[in-house]
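Hydrogens, waters and symmetry mates play no part in the numbers below; they use all other heavy atoms, side chains included. Numbers restart at 1 for each chain; the letters A, B, ... are given by sequence-line order, proteins then strands.
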2 protein chains.
Amino acid sequence: MALNAGLLMFTAHRAMERRVLDAVAAAGFDITAAQARIFQRIGPAGTRLGELAEQAQVTKQTAGFLVDQLERAGYVERVPDPTDARARLVRIAERGRAAGEVAAAVVTEVEAEWAAHLGARRMAQLRDALGRLREITDPWAGE
Amino acid sequence: MALNAGLLMFTAHRAMERRVLDAVAAAGFDITAAQARIFQRIGPAGTRLGELAEQAQVTKQTAGFLVDQLERAGYVERVPDPTDARARLVRIAERGRAAGEVAAAVVTEVEAEWAAHLGARRMAQLRDALGRLREITDPWAGE
DNA sequence: GTTCATAGTCAGATTATCTGACTACATTCG
DNA sequence: CGAATGTAGTCAGATAATCTGACTATGAAC
């Protein structure tokens, strides 16, 4: 029970999230964990609200609430979806790009620490196993 | 970025949590994710509220709020801590034990599915890497 | 060109979480 | 011993994140 794989992943994920959020906050970006979980799923060309909601596994209303905040703070912008007048695309704005760069740098740093602790071989095995696991744990695995 | 190890762990953890919570709910136990995250840290001899809070990384107040609910629903009980009159131990009660058994069975099942998908070798490597990672991502690693 | 489906919003309620202030007991040390 | 300081937990109030249900506007299908 103490060695439940799900719980172990929770622990490591939480450590990563904390590191990233702390660094992003220290760089002057006031983003909450819930906002970040939406933000991180926005694609390069923008993503629809409903799609963000589905991927983050929250309702459209919740996603909308969080995107409103991100938009007000200047991290994202909403633009019309040229292919569907009902929809709008959520796109990363300039400030969001800056915050994203800070986040990406910390992810790289933390992963390097993990690799240093585990050794390159085990880190590669971890990545491999997690990537394969995604095939059965993520309904969005093929995007 | 799409292959951030932290995010991959989040995905797998979320899938595990959902499976467990759904099965527990289907068995008639009305436990929320937040309650479960506290509940799962209660030791066999009972655990203090402050310790549960620290391990779950929430404030004592939040932990107290959740334990209140678990207690009202009959999943846990609070007993005096014989070694300190200020403290009380949160212990798993009969209904909690029953719910915990359902949860443990689902964890076993999901892990078996993962092992089937990855193969025994890769599943063992995954466990090994996660266990080692815990040494640097969990301040409570030595309990 | 109605009828049904989809994208998103509005409104209201609930749940989980925090900070700050407080009480009671424990520990320390002069 | 007894005052000063620290620790376990609770109370009160605020805020953040989430949900369900009802609604509008646009697109798709027949």
Discussion item. Taking any heavy-atom pair under 4.0 Å as a contact, classify Gln69(B): base, sugar-phosphate, or nothing.
Written reply: sugar-phosphate
Worksheet item: Base, sugar-phosphate alone, or nothing: which one does Gly50(A) contact when heavy atoms must sit under 4.0 Å apart?
Response: sugar-phosphate
Worksheet item: Given atom CD1 of Ile38(B) and atom C1' of dT15(C), what is their separation to the nearest angstrom?
Response: 14 Å
Worksheet entry | Protein-nucleotide distance (Glu54(A), atom CD; dC19(D), atom P), rounded to Å | 13 Å
Please tell me which of the listed nucleotides, [options], lies nearest to the side chain of [X]?
X        : options                   : value
Asp84(B) : dG27(D), dA16(C), dC25(C) : dC25(C)
Arg86(A) : dT9(C), dT6(C), dA16(C)   : dT6(C)
Phe65(B) : dT20(D), dA17(D), dA16(C) : dA16(C)
Arg78(B) : dC18(C), dT18(D), dT10(D) : dT10(D)
Arg48(A) : dG9(D), dA17(D), dA7(C)   : dA7(C)
Ala85(A) : dT17(C), dT9(C), dT26(D)  : dT26(D)
Thr32(A) : dC19(D), dG9(D), dA17(D)  : dA17(D)
Ala34(A) : dG9(D), dT19(C), dT18(D)  : dT18(D)

Worksheet item: Should we say atom CZ of Arg91(A) is surrounded by more than 12 heavy atoms from elsewhere, each under 6.0 Å from it?
Response: no
Worksheet entry | SB check Asp30(A) Arg95(A) (cutoff 4.0 Å) | yes
Fill in: Position toward the 5' end of DNA chain D (nearest nucleotide), Leu89(B) or Thr83(A)
Leu89(B)
Worksheet entry | 5' priority, DNA chain D, between Thr47(B) and Leu66(A) [closest heavy atom] | Thr47(B)
Discussion item. Between the base of dG13(D) and the side chain of Gln61(B), is there a donor and acceptor pair under 3.5 angstrom?
Written reply: no
Practice prompt. Show your reasoning for whether side-chain contact (heavy atoms from CB on, under 4.5 Å) applies to Leu126(B) and Leu126(A).
Written response: CA-CA 6 Å; Leu126(B) 175 63; Leu126(A) 176 62; 3.6 Å; yes
